[in-house]
Undergrad: 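I'd like to ask some things about the structure below.
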2 protein chains.
Amino acid sequence: MPLRMTNQREIILEELKKTDQHLNADELYERVRLLVPRISLATVYRNLELLTELGIVTKLEISGRPKRYDFDVGRHDHIFCIECHRIDNIEVKCEEIAPAVLIMKGEYSITGYRLEFVGICPKCQGKRHKEKK
Amino acid sequence: MPLRMTNQREIILEELKKTDQHLNADELYERVRLLVPRISLATVYRNLELLTELGIVTKLEISGRPKRYDFDVGRHDHIFCIECHRIDNIEVKCEEIAPAVLIMKGEYSITGYRLEFVGICPKCQGKRHKEKK
DNA sequence: TTCTCTGCAAATAATTTGCACCCAT
DNA sequence: ATGGGTGCAAATTATTTGCAGAGAA
């Protein structure tokens, strides 16, 4: 009898849906805690993992940093600001990437790809100017 | 007076150069230990970090897994086998990716990108067949 | 000699897990 | 009532750091 909709699970989903940011487990925990004070971080982790497996949310693994979660499960890629660490969604068409695969050596059968851009977001570009770095 | 070429640093570099695999700190530690038995894992970590900063090796951060290091510092991307976790280098031409950036919303200034393919390597494709999975 | 580097142990950070109780179905 | 879910604490995994001594330059 799988998947019970518990109060904590519902709130976790709601809070993730509510924001346009890509929260990590701890940030989400802090938000959910305001509504369910006795919830534990482990529950947040377990639910995010489960919801990811079920394809209800997307796990976003920016290398070397805590995993982040996205309510948007559609195929899309990300861009990461090296200054403030914010992450935004970007759209990259599959057809744009496909030809690149052809250059690949070996006979891998491709099941997916992850394209991550790194850059400086508009807000941080402004700051840089001001600071005269 | 920067960068002393210590015995441990030299061996670490040599062992990394010697292999075509992308070793993580621990795997490299095990190999180096055969030659420098008293070396500590912390030394391996510190050297890999330093060598990365100096641009002598490349750090490869496949999300959610221990960092791996590559003696090849040239611009290249990777493909990761979801079965056996091996990683191979691939070549993707910048020009193939560039157009994709144009679709990006927002005004980020791009400083780099990471393209990771995920798939099943030739060896594992064979295994899958045999196992009749 | 002078500092960087090292080994060791302890600390951190992110995440996972064991266990007994709880509660959605 | 049943078995999936939870809170809590402890365990794990990957990595970093403080410190005193070692050894390249």
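Bear in mind the structure is a predicted one, so any value in this text is a computation, not a measurement. Naming convention: chains lettered A, B, ... in sequence-line order (proteins, then strands); numbering from 1 in each chain.
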Undergrad: The side chain of A:Leu3 is closest to which nucleotide in this list: D:dG7, D:dG5, D:dA14?
TA: D:dG5
Undergrad: Considering just the side-chain nitrogens and oxygens of A:Thr6, establish if one lies under 4.0 Å of OP1 or OP2 belonging to D:dT6.
TA: yes
Undergrad: Quick test of your reading of the model: are A:Glu15 and A:Lys18 salt-bridged, counting only N-O distances below 4.0 Å?
TA: yes
Undergrad: Identify, between A:Asn24 and A:Arg46, the residue whose nearest nucleotide on DNA chain C lies closer to the 5' end.
TA: A:Asn24
Undergrad: Does a distance-only test, which skips hydrogens and angles, find a donor-acceptor pair under 3.5 Å between the side chain of A:Arg4 and the base of D:dG4?
TA: yes
Undergrad: Determine the contact category for B:Asn7: base if any of its heavy atoms lies under 4.0 Å from a base atom, sugar-phosphate if only primed atoms, P, OP1 or OP2 are that close, otherwise nothing.
TA: nothing
Undergrad: Rounded to the Å, how far apart are B:Arg33 CZ and C:dG7 P?
TA: 12 Å
Undergrad: So does A:Thr43 get a side-chain nitrogen or oxygen closer than 4.0 Å to the phosphate oxygens (OP1/OP2) of D:dG7?
TA: yes
Undergrad: With a 4.0 Å limit, can you tell me whether A:Arg38 has a side-chain N or O closer than that to the phosphate oxygens OP1/OP2 of D:dC8?
TA: yes
Undergrad: Figure out the CG/P separation between A:Leu50 and D:dG4, and round it to whole Å.
TA: 12 Å
Undergrad: Between A:Val44 and B:Tyr69, which has a closest nucleotide on DNA chain D that is more 5'?
TA: A:Val44
Undergrad: Specify the closest pair of heavy atoms between A:Leu16 and A:Tyr69, including all atoms of both residues, with the distance to one decimal.
TA: CD1-O, 3.6 Å
Undergrad: Which comes earlier along DNA chain C counting from the 5' end, the contact point of A:Lys59 or that of B:Ala42, where each point is its nearest nucleotide?
TA: B:Ala42
Undergrad: I need the NZ-P distance between A:Lys67 and C:dA13, as an integer number of Å.
TA: 17 Å
Undergrad: Do NZ/NE/NH1/NH2 and the carboxylate oxygens of A:Glu30 and A:Arg33 come within less than 4.0 Å?
TA: yes
Undergrad: When you get a sec, tell me which of D:dG7, D:dT15, C:dT16 is the closest nucleotide to the side chain of B:Tyr45?
TA: D:dT15
Undergrad: Taking only the side-chain nitrogens and oxygens of B:Gln8, find out if one of them lies under 4.0 Å from OP1 or OP2 of C:dG7.
TA: yes
Undergrad: Provide, to the nearest angstrom, the distance between the CD1 atom belonging to A:Ile11 and the P atom belonging to D:dG7.
TA: 12 Å
Undergrad: Taking all non-hydrogen atoms of both residues, which atom of A:Pro66 and which atom of A:Asn24 are closest, and how far apart?
TA: CG-ND2, 4.0 Å
Undergrad: If I take atom CG in residue A:Asp26 and atom C1' in nucleotide C:dT12, what distance separates them, rounded to the nearest angstrom?
TA: 14 Å
Undergrad: Taking atom C1' of D:dG5 as reference, at what distance in whole Å does atom CG of A:Leu54 sit?
TA: 14 Å
Undergrad: Using modelled atom types and a 3.5 Å cut-off, is there a donor and acceptor pairing between side-chain atoms of B:Thr58 and backbone atoms of B:Asp72?
TA: yes
Undergrad: Starting at CG of B:Leu41 and ending at P of C:dT12, how long is that distance when rounded to a whole Å?
TA: 19 Å
Undergrad: Using the closest heavy atom to pick a nucleotide of DNA chain D for each, name whichever of B:Ala25 or A:Asn47 lands nearer the 5' end.
TA: A:Asn47
Undergrad: Taking atom P of C:dA24 as reference, at what distance in whole Å does atom CZ of A:Arg9 sit?
TA: 12 Å
